Engineer: 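Here's a structure for you.
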Amino acid sequence: MKKTSPKIDNPIPAGTVQWQEIDADIAGQRIDNYLITRLKGVPKSLIYRILRKGEVRVNKGRIKPEYKLQAGDMVRIPPVRIARRADDVKPSDGLTKLLNEAVLYEDEGIIVLNKPSGLAVHGGSGLQLGLIESLRQVRKNDRFLELVHRLDRDTSGCIMVAKNRRSLRYMQQLLREGAGGINKVYHALVAGRWPNKRRQISVALLKNQLPSGQRMVRAVEEGTEGAKASLTSFRVLKRYIGCTLVEAKPITGRTHQIRVHSQYAGHPILGDDKYGGREQQPLIRELGLKRLFLHAFRLDFTTVDKRKVTVTAPLSTELSQVLQNMVEQDDK
């Protein structure tokens, strides 16, 4: 089998077995993220399925989705069915306008957008266009656009996109540095009265991949096989009757971390169908809330040329209206 080195910015053809040699620019990237980026138009559920079944091999061995690629690795990618190319699907005029208006900050290497709730960051699982595919269509003059990090589909707010590989690698390194790198601040409306003294949740999280491709995360004891240590800082911003507006800062960057830590604390985020509770439904209906009340409010980071930047994303009209209609409560 002839070994070929990939062109960094081109997708991998999906019709035959492919062998890809990983070079230094890609080293450190997770295999699942690598495949999602390279197999354009392939649903994420299928990518995780071929990983789970061992059809994807690295150096002839089976690997898990979280495996981090090393320079010189040889990756075997099996034939996969490819969905209609995202390049053939055009974002609507409304989505195009929304994305153009969503830009909060931009320089030569980075764009920060205020992602709307309901828009997935990637296409797949029946969704042909996500944020990044749509952004590439809207901004055709930008030859390189890649997500620096992710937000859940139902979470709104600040999301960072790199405009060149140097910025992508730099920002992802900052993310790996944890609290000393990129500072993320979220606002969440949680059920009940969050106590002032509860300023941190330090609970390990275990991620499960369901057969459908859906991700579920649960809090587990430290030392559980496959679990990752997770830490979130919380601060009370304002109290309302029946709920609390909190600031949440994820010190680690685990999937669904703020949502699961809030649930673990006994104060699930309102509107969270996955990690909420049925007992919250009457309050949610009363407030007229139709989405998850979790918003990526602020990003603090240092650019490649060492400039310190702070970007904030205003709440959507829907979330602001919910707060305006609520009755404040004294913080005693």
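Please read all numbers here as calculations on a predicted model, not as lab measurements.
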Engineer: Return yes if some donor-acceptor pair links the side-chain N/O of Lys115 with the main-chain N/O of Arg153 below 3.5 Å, else return no.
Structural biologist: yes
Engineer: Looking at Ala188 and Leu294, what are the two nearest heavy atoms and their distance?
Structural biologist: CB-CD1, 3.8 Å
Engineer: Would you please name every residue forming a side chain to side chain donor-acceptor pair (under 3.5 Å) with Asp142, sequence neighbours left out?
Structural biologist: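 Arg139.
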Engineer: Would you check if the side chain of Arg136 reaches a backbone N or O of Leu145 as a donor-acceptor pair within less than 3.5 Å?
Structural biologist: yes
Engineer: Give a yes-or-no answer on whether the side chains of Tyr67 and Asp73 include a donor-acceptor pair shorter than 3.5 Å.
Structural biologist: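 Checked: Tyr67/Asp73 side chains pair up, N/O donor to acceptor below 3.5 Å.
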Engineer: With side chains defined as the heavy atoms from C-beta onward, is the minimum distance between Leu299 and Met160 less than 4.5 Å?
Structural biologist: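 Yes - at least one pair of side-chain heavy atoms lies under 4.5 Å apart.
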Engineer: Do Ser117 and Asp154 have a side chain donor and acceptor closer than 3.5 Å?
Structural biologist: no
Engineer: Using 30° and 60° as the class limits, which term best fits the ring planes of Phe301 and Tyr105: parallel, tilted or perpendicular?
Structural biologist: perpendicular
Engineer: After noting the C-alpha distance and the side-chain angles of Phe293 and Leu287, does the key distance pass the side chain to side chain contact (heavy atoms under 4.5 Å, CB included) rule?
Structural biologist: CA-CA 11 Å; Phe293 202 122; Leu287 296 174; over 6 Å; no
Engineer: Side chains of Arg259 and Asp152, heavy atoms from C-beta outward: is any pair under 4.5 Å?
Structural biologist: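 Arg259 reaches Asp152 side chain to side chain.
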Engineer: Side chains of Arg165 and Phe144: does their closest heavy-atom pair fall under 4.5 Å?
Structural biologist: yes
Engineer: Locate the shortest heavy-atom distance separating Gln263 from Gly276; write the atom from each residue and the value.
Structural biologist: NE2-O, 4.3 Å
Engineer: Test your reading of the model: is there a side-chain donor-acceptor pair from Gln70 to the backbone of Lys68, 3.5 Å cut-off?
Structural biologist: yes
Engineer: Indicate yes or no: at least one non-hydrogen side-chain atom of His295 is less than 4.5 angstrom from one of Asn114.
Structural biologist: yes
Engineer: Quick one: do Leu319 and Leu189 satisfy side chain to side chain contact (heavy atoms under 4.5 Å, CB included)? Show the steps, please.
Structural biologist: CA-CA 10 Å; Leu319 296 187; Leu189 189 65; over 6 Å; no
Engineer: Is Leu151 close to Tyr186 at the side-chain level, that is, under 4.5 Å between some pair of heavy atoms?
Structural biologist: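 Of all side-chain heavy-atom pairs linking Leu151 with Tyr186, at least one is under 4.5 Å.
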Engineer: Check each of Thr302, Thr303, Ile110 against Tyr170 using the side chain to side chain contact (heavy atoms under 4.5 Å, CB included) test, and report the only one that passes.
Structural biologist: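 Output: one option passes, namely Thr302.
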Engineer: Could you point out which residue of Val121, Val103, Ile132 forms a side chain to side chain contact (heavy atoms under 4.5 Å, CB included) with Val161?
Structural biologist: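 Only one option passes, and that is Ile132.
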Engineer: For Asp305, look at atom CG and say whether over 12 heavy atoms of other residues, nucleotides or ligands are found less than 6.0 Å away.
Structural biologist: yes
Engineer: Taking the side chain from Lys163 and the backbone from Asp107, do they hold a donor-acceptor pair closer than 3.5 Å?
Structural biologist: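 Yes; at least one donor-acceptor contact below 3.5 Å.
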Engineer: If only side-chain N and O atoms count, and only distance matters, is there a donor-acceptor pair under 3.5 Å linking Ser156 with Arg291?
Structural biologist: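 Yes, a side-chain donor-acceptor pair sits under 3.5 Å.
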Engineer: Closer than 3.5 angstrom, by distance alone: can the side chain of Gln257 be matched with the main-chain N or O of Leu231 as a donor-acceptor pair?
Structural biologist: yes
Engineer: For residues Val217 and Lys228, determine if any side-chain heavy atom of one lies less than 4.5 Å from a side-chain heavy atom of the other.
Structural biologist: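 Not in contact.
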Engineer: Give the ring-plane orientation class for Tyr275 versus His256, where under 30° counts as parallel, over 60° as perpendicular and anything between as tilted.
Structural biologist: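 Geometry flag for His256 against Tyr275: perpendicular rings.
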Engineer: Would you mind reporting whether Asp272 and Lys274 have side-chain heavy atoms less than 4.5 Å apart?
Structural biologist: yes
Engineer: Do His267 and Ser262 get their side chains close enough for a donor-acceptor pair, meaning under 3.5 Å?
Structural biologist: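 Note: His267 and Ser262 side chains miss the donor-acceptor criterion.
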Engineer: Take Leu39 and Leu46, measure what side chain to side chain contact (heavy atoms under 4.5 Å, CB included) needs, and give me the verdict at the end.
Structural biologist: CA-CA 11 Å; Leu39 292 174; Leu46 177 56; over 6 Å; no
Engineer: For the pair Thr224 (side chain) and Glu221 (backbone), establish whether a donor and an acceptor sit closer than 3.5 Å, ignoring hydrogens and angles.
Structural biologist: yes
Engineer: For Met74, is there any backbone N or O sitting under 3.5 Å from a side-chain donor or acceptor partner on Arg57?
Structural biologist: no
Engineer: Compare all side-chain heavy atoms of Val75 with those of Gln18 and state whether any distance is below 4.5 angstrom.
Structural biologist: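 Side chain of Val75 against side chain of Gln18, heavy atoms only: no contact under 4.5 Å found.
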Engineer: With side chain to side chain contact (heavy atoms under 4.5 Å, CB included) as the test, would you mind laying out the steps for Leu119 and Leu95 before giving the verdict?
Structural biologist: CA-CA 10 Å; Leu119 178 63; Leu95 180 56; 4.2 Å; yes
Engineer: Do Arg169 and Gln172 have side-chain N/O donor and acceptor atoms under 3.5 Å apart?
Structural biologist: no
